[in-house]
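Here's the structure we're looking at; comments come further down.
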4 protein chains.
Amino acid sequence: MAQKTAPDSTRRSERSRRAIYDAALALVAEVGYAKLTIEAIAARAGVGKQTIYRWWPSKGAVLLDAFLDLGEQASRAASENAGKAEAETEIPNTGDLEADLKYVMRATVDEFNDAKYDAPYRALAAEGLLNPELGAEFVEKLLEPQLQLFVKRVEQAREAGHIMPHIDPRIALELWAGPLAQRWLMRSGPLTHDYVDTLVEYALYGITPRPASS
Amino acid sequence: MAQKTAPDSTRRSERSRRAIYDAALALVAEVGYAKLTIEAIAARAGVGKQTIYRWWPSKGAVLLDAFLDLGEQASRAASENAGKAEAETEIPNTGDLEADLKYVMRATVDEFNDAKYDAPYRALAAEGLLNPELGAEFVEKLLEPQLQLFVKRVEQAREAGHIMPHIDPRIALELWAGPLAQRWLMRSGPLTHDYVDTLVEYALYGITPRPASS
Amino acid sequence: MAQKTAPDSTRRSERSRRAIYDAALALVAEVGYAKLTIEAIAARAGVGKQTIYRWWPSKGAVLLDAFLDLGEQASRAASENAGKAEAETEIPNTGDLEADLKYVMRATVDEFNDAKYDAPYRALAAEGLLNPELGAEFVEKLLEPQLQLFVKRVEQAREAGHIMPHIDPRIALELWAGPLAQRWLMRSGPLTHDYVDTLVEYALYGITPRPASS
Amino acid sequence: MAQKTAPDSTRRSERSRRAIYDAALALVAEVGYAKLTIEAIAARAGVGKQTIYRWWPSKGAVLLDAFLDLGEQASRAASENAGKAEAETEIPNTGDLEADLKYVMRATVDEFNDAKYDAPYRALAAEGLLNPELGAEFVEKLLEPQLQLFVKRVEQAREAGHIMPHIDPRIALELWAGPLAQRWLMRSGPLTHDYVDTLVEYALYGITPRPASS
DNA sequence: ACTTAAACGAGACGGTACGTCGAGTCTTACC
DNA sequence: GGTAAGACTCGACGTACCGTCTCGTTTAAGT
């Protein structure tokens with residue numbers, strides 16, 4: 001895991017790291033991931049190229065860290081505002097699973113439609129497809145934590161008897177998360193509130209006829 | 001659509017086109033999409049670079065055509081074998097929707113696990129994420145045709161009363177196709193027959209408790 | 001001797017070669033050999049770096065060719081002016097060896113004191129000291145041809161009985177050429193007409209007392 | 001001579017200085033002057049880069065000091081061996097100028113042919129060509145002291161009547177020292193005992209015919 | 001069958017970015 | 001305050017490909 005004489009991270013320049021994150025995020029939004037270059041990041045950040053190569057193995061890795069840092073900053077800011085530290089870190093539980101899922105899915109759709117998040121997130125996903133190491137990190141640090149929120153909420157619903165006991169929550173959540181991801185990434189259809197509402201309904205109640213419903 | 005003095009496609013060298021497809025597919029499997037270069041394709045194909053630039057705008061476009069051609073060859077070969085021309089071009093309808101879907105999904109899983117298809121397909125998906133034009137072509141020529149097979153089968157089921165009448169087939173199919181795509185692309189979980197079986201069951205019957213079923 | 005798939009010199013761009021020569025000579029005069037970079041030559045010449053690397057192995061080799069070309073141009077210009085094609089290509093023979101040598105040596109001193117020639121010539125000499133390949137080429141193409149002019153003149157003098165028969169002309173000429181080169185390169189003393197006059201006298205007649213001379 | 005807040009040389013680490021000299025001489029022999037780097041010297045010497053930059057302005061200056069130190073060590077060692085302290089610091093005077101010069105010139109040839117001295121000496125000469133400051137120091141500290149030995153011996157010969165009174169010893173010595181230096185540096189001819197013998201003879205007696213010799 | 005213009009192979013060209021190396025400066029911890 | 005260590009900015013290295021541009025040389029359509 002250590003390359004040739006790993007650098008001493010205690011002497012690392014915090015100032016440079018921040019500047020690199022800012023430059024990477026700004027540039028990926030401006031020119032797109034394909035035209036994002038390490039030279040440009042270094043130049044924009046006022047940093048030597050070697051400082052980037054010393055700490056990251058690829059532009060994808062830089063962008064992933066930058067994006068993770070962006071998330072941390074956001075959640076740190078959120079924590080400070082309200083007293084509730086769980087801001088955005090938990091799916092609400094009003095007792096009505098369908099309503100709660102729709103609420104979160106609509107918010108997710110809005111986020112995917114926000115250019116600020118779309119560019120880097122999409123770039124990381126694309127890079128992850130081709131680069132297994134980065135893909136694994138992407139899944140572990142970005143995707144899975146978000147999916148685990150659904151797992152938790154589905155488990156709560158199961159305990160309340162709203163979900164059948166034999167259902168695997170980790171698979172269940174993919175019924176709505178998978179289609180959303182696919183439409184977003186592939187642009188294979190419009191991303192609307194109606195769409196995710198429908199997704200949640202189909203997933204919860206199935207698409208085959210039920211006997212006596214009410 | 002025509003660049004400067006569009007080339008005369010009637011005089012196009014079939015031999016070169018084939019050589020380029022072969023080279024592109026071979027190279028993407030050998031070195032991966034990121035390290036695939038037009039120079040290498042030209043060299044491997046014994047072709048001038050200009051011959052590639054004359055007919056395609058990017059390496060992604062070359063690979064897409066090469067992959068489409070691969071599919072055409074495969075289906076042409078299949079047609080010749082059996083008398084049934086619809087080989088692989090239709091989902092079976094035994095009257096049992098669940099069984100038919102599971103059958104097709106298991107076959108799809110097997111295909112995704114086949115390295116021969118995985119490398120170029122994954123590369124095209126990744127490129128499509130970042131390049132909207134190529135993404136649109138990818139969806140139109142590769143993804144949507146496959147999804148339409150599900151649409152057709154779901155409509156048949158609806159007519160047979162096995163699916164509720166208000167269900168939108170185009171959305172319904174995403175309940176199982178979306179999760180499968182996500183797991184494959186993101187490597188966010190294992191791709192097994194059991195997994196897709198579960199997916200189909202959850203999608204058909206929902207995850208919430210049903211009243212007296214039988 | 002041939003590197004990897006030697007380039008086809010028939011397709012070489014004459015325009016680029018000239019631009020590279022001009023840029024190299026201009027830059028070495030401006031910033032000195034140590035700060036001369038291939039990137040700067042390429043930029044100044046409006047040429048891709050690869051075009052330099054394709055045809056020359058090092059900046060020293062570029063400069064050597066540029067300087068040789070400069071000499072060829074000069075002698076070609078000289079040839080066109082006067083009818084005598086041997087302009088500068090031969091040492092005069094007035095019958096008076098001492099006078100003829102002094103004449104040529106004074107001209108050489110003037111040339112060494114001319115900044116236009118000093119910078120590249122000195123750079124090439126320095127590079128040749130450390131790089132045997134380039135040094136050999138420097139000697140063969142620049143130094144030796146000039147020394148051979150002296151060899152020829154000394155041989156003429158020997159035939160006329162002005163030089164002792166057992167004298168080796170190739171060594172004899174070093175008596176005045178060697179000290180001049182050393183003073184010029186090492187800056188170990190002033191380079192004046194008087195100095196070379198003295199050199200010629202000492203070399204011709206020796207430094208030990210002669211018996212009754214006249 | 002003093003940069004910004006000149007370092008206090010009384011606190012200088014003798015151990016480091018020695019290690020730097022050793023490393024510089026070893027490396028220049030191993031990889032050549034062009035590939036000699038300050039980083040490598042520091043690493044080999046087990047010394048911080050700053051310690052080198054604090055005391056020397058360039059790699060050439062380091063090497064010059066290292067080479068001078070080498071000479072001092074050698075002469076100090078020689079002094080301890082024999083009682084005669086002037087070992088190697090004076091040209092013998094047997095009364096036969098020709099023999100004495102040939103003796104010293106042959107020894108010089110042997111030294112130039114010794115790889116141990118050739119590499120650093122040649123490197124310093126080359127650097128001195130391009131860098132006037134270092135060149136001046138090279139001449140003053142290395143070249144001129146050696147030439148002065150010849151000046152002294154020629155003056156002795158003049159006093160003995162073996163050299164004509166009007167001869168300038170400083171110029172006379174260049175008749176044999178210049179050609180030798182040129183052949184060595186430029187590799188423009190073989191460096192043998194015969195060659196320097198011839199040089200001395202030509203220089204002493206001239207190349208033109210003498211009346212009645214004996 | 002002959003002509004002729006376009007496609008072709010080859011590859012040199014002006015560029016951009018790569019990932020590495022070393023220069024010279026600066027900071028940290030130690031002695 | 002000198003030192004070992006090494007991270008920093010900067011600039012150049014030599015390489016790999018990009019996409020464009022000639023060069024002859026096939027090659028296939030139209031005469």
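Below, chain A is the first sequence line, B the second, and so on; all start at residue 1.
- Scanning for side chain to side chain contact (heavy atoms under 4.5 Å, CB included) contacts around Lys141(D) gives Leu68(D), Glu137(D), with sequence neighbours left out.
- Proximity of Ile20(A) to Arg17(A): side-chain heavy atoms (C-beta onward) are nowhere separated by under 4.5 Å.
- Residues passing the side chain to side chain contact (heavy atoms under 4.5 Å, CB included) test with Glu140(A): none are found, sequence neighbours excluded.
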- line: Letter by letter from the 5' end, nucleotides 23-31 of chain F scores (B base, S sugar-phosphate only, - none; protein heavy atoms under 4.0 Å) ----BB---
Please tabulate, one pair per line, all N/O donor-acceptor pairs under 3.5 Å involving side-chain atoms of residues 33-47 of chain A, not counting sequence neighbours.
from, atom 1, to, atom 2, distance (Å)
Tyr33(A), OH, Glu127(A), OE1, 2.9
Thr37(A), OG1, Ala40(A), N, 3.0
Glu39(A), OE2, Lys49(A), NZ, 2.9
Arg44(A), NH1, Glu30(A), OE2, 3.3
Arg44(A), NH2, Glu30(A), OE1, 2.9
Arg44(A), NH2, Glu30(A), OE2, 3.2

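- Legend: residues meeting side chain to side chain contact (heavy atoms under 4.5 Å, CB included) with Ala126(C), ordered by chain and number and at least two apart, are Leu129(D), Leu130(D).
- By the side-chain hydrogen bond (donor to acceptor under 3.5 Å, both in side chains) test, Thr10(C) is found to be paired with Asp8(C), residues two or more places apart in sequence or in another chain being considered.
- Distance Ile41(D) CD1 to dA4(F) C1': 16 Å, rounded to the nearest Å.
- Judged as a side-chain hydrogen bond (donor to acceptor under 3.5 Å, both in side chains), and not counting sequence neighbours, Ser58(C) has no contacts.
- Partners of Glu72(D) under the side-chain hydrogen bond (donor to acceptor under 3.5 Å, both in side chains) rule, at least two apart in sequence or in another chain, do not exist in this structure.
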Tabulate protein N/O versus nucleotide N/O from nucleotides 12-14 of chain F, keeping only pairs under 3.5 Å, one per line.
from, atom 1, to, atom 2, distance (Å)
dC13(F), OP1, Ile38(C), N, 2.9
dC13(F), OP2, Ile38(C), N, 3.4
dC13(F), OP2, Glu39(C), N, 3.0
dG14(F), OP2, Tyr53(C), OH, 2.5
dG14(F), N7, Lys49(C), NZ, 2.8
dG14(F), O6, Lys49(C), NZ, 2.8

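- Within residues 12-31 of chain C, no residue approaches DNA chain F, by heavy-atom distance under 4.0 Å.
- Regarding Arg54(C), its CZ atom lies at a distance of 13 Å from the P atom of dA16(F), rounded to whole Å.
- Heavy atoms of Thr51(A) sit under 4.0 angstrom from at least one base atom.
- With sequence neighbours excluded, the residues that form a side-chain hydrogen bond (donor to acceptor under 3.5 Å, both in side chains) with Trp56(B) are Asp65(B).
- Remark: Glu133(B) pairs with Asn131(B) by the side chain to side chain contact (heavy atoms under 4.5 Å, CB included) rule, at least two apart or across chains.
- Gln50(B) contributes no side-chain N or O that forms a donor-acceptor pair with the base of dC8(E) under 3.5 Å.
- Distance CD1 (Ile52(C)) to P (dC13(E)): 11 Å, rounded to an integer number of Å.
- Between Trp55(B) and dA6(E) there is no side-chain N or O to OP1 or OP2 distance below 4.0 Å.
- For Trp56(D) and dG24(E), the shortest distance from a side-chain N or O to OP1 or OP2 is not below 4.0 Å.
- Smallest separation of non-hydrogen atoms from Ala123(C) and Leu63(C): CB-CD2, 3.9 Å.
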